[in-house]
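Note sheet for the following structure.
We use all heavy atoms of the structure for the numbers below, so side chains are in, but hydrogens, waters and symmetry mates are not.
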Amino acid sequence: MGFEVTLRAIPAAAAAGLAELSPDDDGTFEILAAIEGGAGLTCRLDRRFDWLCFVLAGLLGPQMAEAAVFGQAVVAPGLTASQGFAYRWSDAAAVAAMAAALDRLDPTAVQRAVDPPAMAAAGLYKIEQADAAGLPAGVAADFVALRDFHRQAATRGLAVLVTRD
């Protein structure tokens, strides 16, 4: 399978302990695996995740888009998943802010904002191989999944752990 981003809603108490993790400590990856495995609410974005982030950056601004797709902050310096990308997370307050921002958009606005030439000019990975006719609907579907995930996590007062592999 190619790259994907996985967002996992986790209890705020579990998120508070993330700052204590270190890649040098025994058991760190077991702790992360337990947190990941216990997440009942997840959102998986396939290879289009960077295309969605690009579109959202134009609609919400780059900081909110990056946080919504990739998480608000790095868990711990040097703590990376198998492909070398940092584990990231968002606290419950940030999740609520992201949910509110995403709720102000609708899938039609996201579809209209998809601009394949601009995405190619920005150098987005494999955008030139995308089916231009199906791209807006695919990005909008990912948007709906991301929006609904943040909405549910915010309603439950949960934080989010994000991995990219």
_Partner set under ring-ring contact (aromatic ring centres under 6.0 Å, His included) for Phe54, not counting sequence neighbours_ =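 Partners of Phe54 under the ring-ring contact (aromatic ring centres under 6.0 Å, His included) test: none.
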Nearest heavy atoms of [X] and [Y], plus distance in Å:
| X | Y | result |
| --- | --- | --- |
| Met98 | Ala68 | SD-CA, 3.5 Å |
| Leu41 | Phe149 | O-CE1, 3.5 Å |
| Glu4 | Asp46 | CB-CA, 4.2 Å |
| Val162 | Val160 | CG2-CG1, 3.8 Å |
| Asp115 | Pro117 | OD1-CD, 3.0 Å |
| Val95 | Ala153 | CG1-CB, 3.8 Å |

Between Phe70 and Phe49, is the gap from one ring center to the other below 6.0 Å?
->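 Centroid distance Phe70-Phe49: below 6.0 Å, so yes.
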- Could you go through the side-chain contact (heavy atoms from CB on, under 4.5 Å) check for Ile127 and Leu135 one step at a time? CA-CA 9 Å; Ile127 191 65; Leu135 184 61; 3.8 Å; yes
| request: Using atom types as modelled and distance alone, determine if a side-chain donor or acceptor of Ser90 lies under 3.5 Å from a backbone N or O of Gly71. | output: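 Checked: no pair found.
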Test item: Trp51 side-chain N/O and Pro116 main-chain N/O as donor-acceptor pair under 3.5 Å: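 Between the backbone of Pro116 and the side chain of Trp51 there is no qualifying donor-acceptor contact (under 3.5 Å).
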**Item:** Non-neighbouring partners of Arg88 that pass side-chain hydrogen bond (donor to acceptor under 3.5 Å, both in side chains), sequence neighbours left out
**Value:**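 side-chain hydrogen bond (donor to acceptor under 3.5 Å, both in side chains) check on Arg88 returns nothing, list empty.
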| request: Output all residues satisfying side-chain hydrogen bond (donor to acceptor under 3.5 Å, both in side chains) with Asp103, sequence neighbours left out; order by chain, then residue number. | output: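 So Asp103 forms a side-chain hydrogen bond (donor to acceptor under 3.5 Å, both in side chains) with Arg151.
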Hey, what do you get for [atom1] ([X]) to [atom2] ([Y]), rounding to the nearest 0.5 Å?
| X | Y | atom1 | atom2 | value |
| --- | --- | --- | --- | --- |
| Lys126 | Asp50 | NZ | CG | 11.0 Å |
| Thr163 | Leu161 | OG1 | CG | 6.5 Å |
| Leu158 | Asp91 | CG | CG | 12.0 Å |
| Arg104 | Arg147 | CZ | CZ | 13.5 Å |
| Cys53 | Leu124 | SG | CG | 9.0 Å |
| Leu105 | Leu60 | CG | CG | 4.5 Å |

**Message:** In this structure, would Val144 and Val55 fall into the same cluster of hydrophobic residues linked by side-chain contacts under 4.5 Å?
**Reply:**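 Linked, Val144 and Val55 end up in one cluster.
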Notebook entry, point to check: Are Trp89 and Val74 joined in one hydrophobic group, where the rule is that I, L, V, M, F, W and Y side chains link up if heavy atoms are under 4.5 Å apart?
Noted result: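 Hydrophobic grouping puts Trp89 apart from Val74.
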Heavy-atom check, side chain of [X] versus side chain of [Y], under 4.5 Å:
| X | Y | result |
| --- | --- | --- |
| Arg112 | Val110 | no |
| Leu7 | Thr42 | no |
| Leu56 | Leu102 | yes |

| What do the steps show when you test Arg164 against Thr6 for side-chain contact (heavy atoms from CB on, under 4.5 Å), and what is the final call? | CA-CA 6 Å; Arg164 181 174 13 171; Thr6 304; over 6 Å; no
Exercise for review: Please say whether more than 12 non-hydrogen atoms of neighbouring residues, nucleotides or ligands are located less than 6.0 Å from CD in Gln63.
Suggested key: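 Atom CD in Gln63 is not crowded, with 12 or fewer foreign heavy atoms closer than 6.0 Å.
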